[in-house]
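What you are looking at is a predicted structure, and each value in this text was computed from that prediction instead of being measured. Here is the naming used below: chain letters follow the sequence lines, and residue numbers restart at 1 for every chain. All values below were derived from every heavy atom in this structure, side-chain atoms included, with hydrogens, water molecules and symmetry-related copies excluded.
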Number of protein chains: 2
Amino acid sequence: MSSNVKRLNEYWTDIYFHMHYPHKEKISHQVIRILQLVEKKEEVGVNEVATYLQISHNTASEHVKRMVEKNLLFKERDLLDERRVLLHLTQPGKEVLHRNTSLDEEKLEQVMNQLADKERAVVEQAFKLLSEQAKTCL
Amino acid sequence: MSSNVKRLNEYWTDIYFHMHYPHKEKISHQVIRILQLVEKKEEVGVNEVATYLQISHNTASEHVKRMVEKNLLFKERDLLDERRVLLHLTQPGKEVLHRNTSLDEEKLEQVMNQLADKERAVVEQAFKLLSEQAKTCL
DNA sequence: ATAATTATATCGTAACATACGATATAATAA
DNA sequence: TTATTATATCGTATGTTACGATATAATTAT
């Protein structure tokens, strides 16, 4: 059973290796992780960043500051609690995140077009299923 | 049609966001990319690293040196051309790579177990299909 | 054989990145 | 009014990333 899981992971990493975008930007891993967090979660502030990356709040604050300077994020004050900051992706932030975590759309489209209709449907269904179930993880 | 691809990418990033391992190590993006390259490609030397990351050969050489010092990689001389170095992952290198690019096996197993037999089969088949097709990409 | 090419490695240097403790500020809660 | 919470900033230290210049050793071309 767990060999199933290992096999799935091998497929997973193969897919990413062969279909990711070319590595252009010199970007740090922490920055990518912060972009992912901000994209996928509602109401992310500096503290959530610190907890998620297991770093101190001041370091998290500096990451955010640099990322704002680079126009990857922008800040909004929480109207209900003005101590809090709410982070959002800018358009360049979305693009950087996309190029560093998604599959290359051209390649993906090409690969999908090589599949038969039934196979394409299987892929779609599988990804949908798995992403829905994934959200139930703690 | 391209909205299909965008949807697939949203599933893809959702799956990774919810099922990746917790972020423990402070590791750079370049280091992960090098680990990926060495794992997935045969016969990787310093020059392949430089080309893949679009950096100069001396920088690539220093990456490799540091990664060897940290016991993530080891070097072997190419017997057919002794100028060349062949890079390989050490066990710690494999583990670091796994924790930073694969899905958390516990979470994945848990999620897979929540699915019906047919659904599980669909996921398996889809990943297999896609990874096979992905290898035909340039 | 000698010269040119190729694959790596090293040195010097520079610019950032990363992280944390200590401290500060301002908003909210007790 | 005091405590707590959420950020922010300063000082400091270490690590990372990168490149040009230069060096070495193996292979290939002449």
- line: In whole angstroms, the gap separating C1' of C/dA9 from NE2 of B/H63 amounts to 15 Å
query: Could you give the CG-to-P distance, from B/D78 to D/dT28, as a whole number of Å?
result: 11 Å
task: Please check the phosphate of C/dT18 (OP1 and OP2 only) for any side-chain N or O of A/S28 closer than 4.0 Å.
output: yes
- request: Measure the distance from CZ on A/R66 to P on D/dA8 and round it to the nearest whole Å.
  value: 13 Å
A/K75 vs D/dA8: side-chain N/O to OP1/OP2 distance below 4.0 Å: yes
query: A/R77 has a side chain; which of D/dA26, D/dA8, D/dG20 sits nearest to it?
result: D/dA8
message: Does D/dA8 have OP1 or OP2 under 4.0 Å away from a side-chain N or O of A/K65?
response: no
task: State plainly whether one hydrophobic cluster holds both A/L35 and A/L103, where clusters connect Ile, Leu, Val, Met, Phe, Trp and Tyr through side-chain heavy atoms under 4.5 angstrom apart.
output: no
field: Check: A/M19 and B/L130 side chains under 4.5 Å, non-hydrogen atoms
entry: yes
- request: Could you tell me whether the phosphate oxygens of C/dT8, OP1 or OP2, come under 4.0 Å of any side-chain nitrogen or oxygen in B/S61?
  value: no
query: Base, sugar-phosphate, or nothing for B/Q30, non-hydrogen atoms under 4.0 angstrom?
result: sugar-phosphate
message: Assess, by modelled atom type and distance only, whether the side chains of A/R33 and A/Q30 contain a donor and an acceptor separated by less than 3.5 Å.
response: yes
- prompt: Atom NE2 of B/H29 and atom C1' of D/dG15: how far apart are they, to the nearest Å?
  reply: 18 Å
field: Contact under 4.0 Å: A/S56 side-chain N or O vs C/dC20 OP1/OP2
entry: yes
- prompt: If you find the nucleotide of DNA chain C closest to A/L79 and the one closest to B/V85, which residue's nucleotide is nearer the 5' end?
  reply: B/V85
A/I55 CD1 - C/dA17 P separation (whole Å): 15 Å
message: By nearest atom, which of the nucleotides D/dA18, C/dT18, C/dA19 is closest to the B/E62 side chain?
response: D/dA18
- prompt: Just how far, in rounded Å, is C1' of D/dA8 from CG of A/L87?
  reply: 13 Å
query: Is B/N47 near enough to C/dA7 that one of its side-chain N or O atoms lies under 4.0 angstrom from OP1 or OP2?
result: yes
message: Please confirm whether the shortest side-chain N or O distance from A/H57 to OP1 or OP2 of C/dG21 is below 4.0 Å.
response: no
- prompt: Is the shortest side-chain N/O distance from A/R84 to OP1 or OP2 of C/dA27 below 4.0 Å?
  reply: no
Any donor-acceptor N or O pair under 3.5 Å, side chains A/H88, A/E76: yes
- prompt: OP1 or OP2 of C/dC20 sitting under 4.0 Å from any side-chain N/O of A/T59?
  reply: yes
query: Can you check the A/R33 CZ to C/dA17 C1' distance for me, whole Å?
result: 14 Å
- prompt: Is there a donor and acceptor pair, one atom on the side chain of B/R83 and one on the base of C/dT6, closer than 3.5 Å?
  reply: yes
query: Do the side chains of B/H98 and B/K94 get nearer than 4.5 Å, heavy atoms only?
result: no
message: Test side chain to side chain donor-acceptor pair (under 3.5 Å) on A/E25 and A/N100; report intermediate values, then the result.
response: CA-CA 9 Å; A/E25 45 242 323; A/N100 284 278; 3.2 Å; yes
- prompt: Between atom NZ in B/K26 and atom P in D/dT17, what is the gap in whole Å?
  reply: 15 Å
task: Report the nucleotide, chosen from C/dT10, D/dT17, C/dC20, that has the shortest atom-to-atom distance to any side-chain atom of B/N58.
output: C/dT10
